[in-house]
Student: 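Here it is: the structure, laid out below.
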Amino acid sequence: MMAAIGGVRLKSWLTAPEFFWRARQALQQAKDSPGCHHAIVFPRDDIYFSLSVWNTPEDMMAYAHSGPHARLLKVTPRLAHVLYFHHFPCTDIPAPDVAWQLWRQQGQSAA
């Protein structure tokens with residue numbers, strides 16, 4: 001399995017309604033997508049994270065480039081700052097805290 005965790009920071013509280021409306025649609029799309037085992041969104045330190053777990057990277061990419069998620073990607077630069085995404089193999093669904101720690105470590109090594 002393959003997990004993906006990414007974070008965004010809203011540009012302004014004014015962008016929150018549109019961002020959350022679109023993010024909710026993308027989350028539902030993920031949950032309904034073939035190959036998705038798990039999909040959640042959670043806040044941490046003024047950053048909103050998505051965490052999803054997929055059968056294969058191809059399942060993940062098919063989701064990422066279609067439907068509500070693809071539309072969200074197009075407008076995100078106007079609504080939020082994308083910090084970065086981290087993909088990693090997993091055998092079980094990682095707890096949000098575990099995935100968040102991996103995300104932080106990846107960001108520190110990329111800096």
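Please read all numbers here as calculations on a predicted model, not as lab measurements.
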Student: Quick check: do K11 and L79 have side-chain heavy atoms less than 4.5 Å from each other?
Tutor: no

Student: Taking the ring of H86 and the ring of Y84, is the distance between their centroids below 6.0 Å?
Tutor: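 Aromatic pair excluded; centres sit 6.0 Å or further apart.
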
Student: Tell me the closest heavy-atom pair linking A16 and L10, and the distance in Å.
Tutor: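 Smallest heavy-atom distance, with atoms named: CB-CD1, 3.7 Å.
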
Student: Once the angle between the rings of W103 and F49 is folded into 0 to 90°, is it parallel (under 30°), tilted (30 to 60°) or perpendicular (over 60°)?
Tutor: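 W103 and F49: perpendicular rings.
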
Student: Do Q106 and I5 pass the side chain to side chain contact (heavy atoms under 4.5 Å, CB included) test, and can you show the C-alpha distance, the side-chain angles, and the key distance before you say yes or no?
Tutor: CA-CA 11 Å; Q106 177 64 25; I5 182 168; over 6 Å; no

Student: Are a donor atom and an acceptor atom from the side chains of Q28 and D32 found within less than 3.5 Å of each other?
Tutor: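 There is such a pair (donor and acceptor under 3.5 Å, judged by atom type) between the side chains of Q28 and D32.
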
Student: Restricting to non-hydrogen atoms, name the atom on L72 and the atom on A26 that form the minimum distance, rounded to 0.1 Å.
Tutor: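 Closest approach of L72 to A26, heavy atoms only: CD2-CB, 4.1 Å.
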
Student: Locate the shortest heavy-atom distance separating M2 from P57; write the atom from each residue and the value.
Tutor: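 Minimum heavy-atom contact is CE-CG, 4.1 Å.
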
Student: Donor-acceptor check, side chain of K31 to backbone of I40, threshold 3.5 angstrom: yes or no?
Tutor: no

Student: Grab the two heavy atoms, one from A3 and one from C90, that are nearest each other, plus how far apart they are.
Tutor: CB-SG, 3.9 Å

Student: Closest approach of G7 and I47, non-hydrogen atoms and distance?
Tutor: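 So the two residues come closest at CA-CG2, 3.8 Å.
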
Student: Please examine the side chains of S50 and F85, heavy atoms only from C-beta on, and report whether any two atoms are closer than 4.5 Å.
Tutor: yes

Student: Can you check whether H69 reaches Q25 side chain to side chain, under 4.5 Å on heavy atoms?
Tutor: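 They are not in contact (no side-chain heavy atoms under 4.5 Å apart), so the answer is no.
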
Student: Run R104 and Q101 through side chain to side chain contact (heavy atoms under 4.5 Å, CB included) and show every step you take.
Tutor: CA-CA 5 Å; R104 285 189 63 219; Q101 286 293 341; 4.0 Å; yes

Student: Heavy-atom distance under 4.5 Å between the side chains of T56 and M1, does that happen here?
Tutor: no

Student: Report the C-alpha distance between T76 and V82 in whole Å, list the side-chain angles of each, state the deciding distance to 0.1 Å, and finish with yes or no for side chain to side chain contact (heavy atoms under 4.5 Å, CB included).
Tutor: CA-CA 8 Å; T76 295; V82 177; 3.4 Å; yes

Student: Does the side chain of W54 come under 3.5 Å of the side chain of S52 through a donor N or O and an acceptor N or O?
Tutor: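 A donor-acceptor contact under 3.5 Å links the two side chains.
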
Student: Can you tell me how far apart CD1 (I93) and NE2 (H38) are? Round to the nearest 0.5 Å.
Tutor: 5.5 Å

Student: State, to 0.1 Å, how close L83 and R9 come at their nearest heavy-atom pair, and which atoms those are.
Tutor: CD2-NH1, 4.4 Å

Student: Is there a side chain to side chain contact (heavy atoms under 4.5 Å, CB included) between R22 and V75? Walk through the geometry before answering.
Tutor: CA-CA 9 Å; R22 291 178 180 278; V75 299; 3.5 Å; yes

Student: What about the rings of Y48 and F42, do their centers lie closer together than 6.0 Å?
Tutor: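 Centroid separation for Y48 and F42: 6.0 Å or greater.
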
Student: Hey, could you give me the OH/CE distance between Y63 and M60, rounded to the nearest 0.5 Å?
Tutor: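 Answer for the OH-CE pair, Y63 versus M60, is 11.0 Å.
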
